[in-house]
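The sequence lines fix the lettering, A, B, ..., with proteins before strands; numbering per chain opens at 1. Heavy atoms only: backbone and side chains are in, while hydrogens, waters and symmetry mates are out.
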Amino acid sequence: MAAADVAYAPPMKSGKPGYEGGVLEPQHRIRITLSSRNVKNLEKVCGDLVTGAKGKKLRLKGPVRIPTKVLHITTRKSPCGEGTNTWDRFEMRIHKRVIDLVSTPDVVKQITSITIEPGVEVEVTISDA
Amino acid sequence: MGGRGGGRKPRNFATFRLFPRAGAADPNDRVFVRVDNNEYTVPGFADEDSFDPSQCDPTADAGHLHSASGPLPEHVRREILELGLPDDGYNYLSHLRELRPAAAAAASSFVPSSTARPEPLPLDVKAYDASRVRVGPAEGELDEGRTMCKVAAKTAPVRRIEKAVDPDVARLLDESDVSHAGSEDEGLEEDFVIVANRAEGEESEEAEEEDEEVEDGNGVFSDVEEEFDFEDDPKPRERRLLDEQFDLLALEEYGDSDDDDKGVKDGEYELPSEVIDELKLFHSQNACVDEEYRTPADFVRRKLESSTTDEVDESVHVIKKCAEYAEKYLNETAEEEEVVLVSESSDESEVWDCETIVSTFSNLDNHPGKIETPGIPKRRLPRVFPGENATTNDIIKLHGKERLPVEYLPQRKRGGEKEKKVKPAEATIGDKFKKGAEKETKEEKKARKAAVKEEKREARKAKKELKGLYKSETQKAQKVAAVTGPSSIRLM
C-alpha cells in the first residue's frame, strides 16, 4: 500500500557475495568445448578451467564427458596384393569435454589464457544469457 | 519444408576458437578467433587482435598497408632499416618473429658458438698461407751478381692451409668479441701497428748495411744461410750483427773445436778444422764473384788476372796438397796389405784323411744285375737241355770267349730263342747232313715261327699262374678300392 516510497526492487536472486545490484556487463552463456586426442592433457585442462571458474565464482556446469569418438582405418598391411591377407587396424580417439559457464567474456578470456596444454583444442561459444 | 525454414532457431551465438598467434614464438600464446558466420557480436571478445587466418593479414600494422601497392609508410620503412633489412619496398616486418625467453629455452633461438670453425674450403680451391713471404727489402744484396750461388733467391715457403678465413672477416669477428669501450685513442690504435712496422723496416735496413760490411768474406755462406732461413722455419728478419755475435758466443760456450766458421750454423755439418781453414781461405778470396765460372786450371794456364794471382797460388797449393794426400793414402794402403801365403800340400799329405771301404767291388768291374720279378722256375732250367739232343753228337761244345758249355747253361729270356735256335740249329745241322743247304731257310723259318708260338704259349701260362698266385692279394686290393678308390678301377 504505502510502499511507493520504497524503491521497488525487483526480486533478484541473491547470488554470490559481492554482487552489487546488477551486472556491469551482460552475462553470457558460454560453452567451452575441449577436444583432444590425449586424455591426460584434456583432463588437466578441464580441471584447471573448472578450478579457475570456481575461483571466480561463476555458475558452472561441470565437465560433461561426451562419448569418445573412435575413428578407424583398416588397411591391408601389404603394399602389393601378395601374401596372407593381413590387415592393419588403426584408430584415433577423440575425447571431448564441455563446460558451461555464465559469465562475461572477459572473465572467460582470463581463464582460458592461463591454462594451456598442447594438443587440446578449445572452442568457446558465447550466447545470450 | 517451408515451415521448417521459418521455425529455424535463431543463431545468436558466436563461436571462437583458440589459435596460436602467428609470428609468436611461444605456441601457448593463443588468441580467440571467430569461426562462424553468425551475425551475433560479442563486444568484449576477440577484439584486440584483428587476426583472421583466412585473410593472411598478419599484424595490426599490416592492416594499414595496402598489400604491395604503393610505398611503405615511413615508420615501417624506418623500422625495416633499423633491423638492417634492405629498403626495397617489401615489408619484411611480416616475417618477424618474437623471441621469448620460453622459446629461447626451448632451443629455438640462435646461440653463437664460442669455438667458431670457419667453413671448409670447397674441393676445387687451394689456399696458401703467404703471410710469411718477405717482399722488398732484400733486393739490395742480390744485385752484386751472386746469382750463381743463390738459385731461386726470391722463393719463399708457403704452407697450404685447409681453412681460409678472409682477414677482414677475421678482424670483424675479433672485433665483435673485444668490447670497444669507446677508446679515445682510436687514432693511435690503428696507427701504432703501422708505426711499429715501419720502425722495424728501418732497423732491418741498417742491419743489412752492417752485414754487408762485416760479412764480406763470408758472402757465400751468408747467402747459403739465408737460403736455409727460408727453407727452415720462416724467420723474416735479416741476420744482424747481433745474431752473428750471438752465434759466436754460442759456439764459444758450447761449440767444438771449430771456432771460425761464422757462417755455418751449429750442428748442421761438422768438417775437420783443417778443411775448414782451407775452405775459409778459399772463400775469403771471393771465388764466386765473377759471372764466369773458372777452374784452378784456368789460372795455371795464365788466364789469370792481376787481382787473382793470390788465388792462383792458393789453388796451386791446394792442388799440390790434394795430390800429396792422395799419394800418402795410396801408399799407406799398399803397405798395409798383408801377403797371405797359402802353402800347397805335398803329395803325401794329399791322402784322404778318412777312408771308408764299403766294398772292394766297383761298378767298373762288377755289373750288378737288374732286379726282376721272380721268373718262371721253368726258365731257370730248361726242360730239355739242348745238350741232350746233342748227345747224339757226343760232343759238348764250348762257345764264347770263356769257353763255356752254352747248351747246358741256364738260359735267360732270350735263352728260349737261343734254345730254339739251337734246336733248329741242331736240326738244321742234322738236316744239313741229310738235305741240301737250300732248304735250311725254309725250315729255319718254320722253326723260328714255331719257337715264337711256343714262347707265347708259355707266356700265357705264366701269366695265368701269376694271376692265380696273387689272387688273394687282388681280392684285398679290390676291397680297398671299392671303399676308397674310384669305381673305374677294375682289378679282378
- Hey, is CG on A:L71 packed in by over 12 heavy atoms from elsewhere, all under 6.0 Å? yes
- Message: Can you tell me how far apart CD (A:E121) and CZ (B:F19) are? Round to the nearest 0.5 Å.
- Response: 7.0 Å
- More than 12 foreign heavy atoms under 6.0 Å from CZ of A:R93: is that the case here? no
- Distance (rounded to the nearest 0.5 Å) between A:I126 CD1 and B:Y40 OH: 7.5 Å
- Message: Is A:V107 close to chain B through its backbone or its side chain, or both, or neither, when contacts mean heavy atoms under 4.5 Å?
- Response: neither
- Message: Surrounding CG of A:N85 (heavy atoms of other residues, nucleotides or ligands, distance under 6.0 Å), is the total greater than 12?
- Response: yes
- Message: Using a 4.5 angstrom heavy-atom cutoff, name the option from A:V124, A:T125, A:V122 with the most pairs to chain B.
- Response: A:V124
- To the nearest 0.5 angstrom, please state how far the CG atom of B:L18 sits from the CD1 atom of A:I32. 9.5 Å
- Message: If you count heavy atoms of other groups shown closer than 6.0 angstrom to CD of A:E91, is the number above 12?
- Response: yes
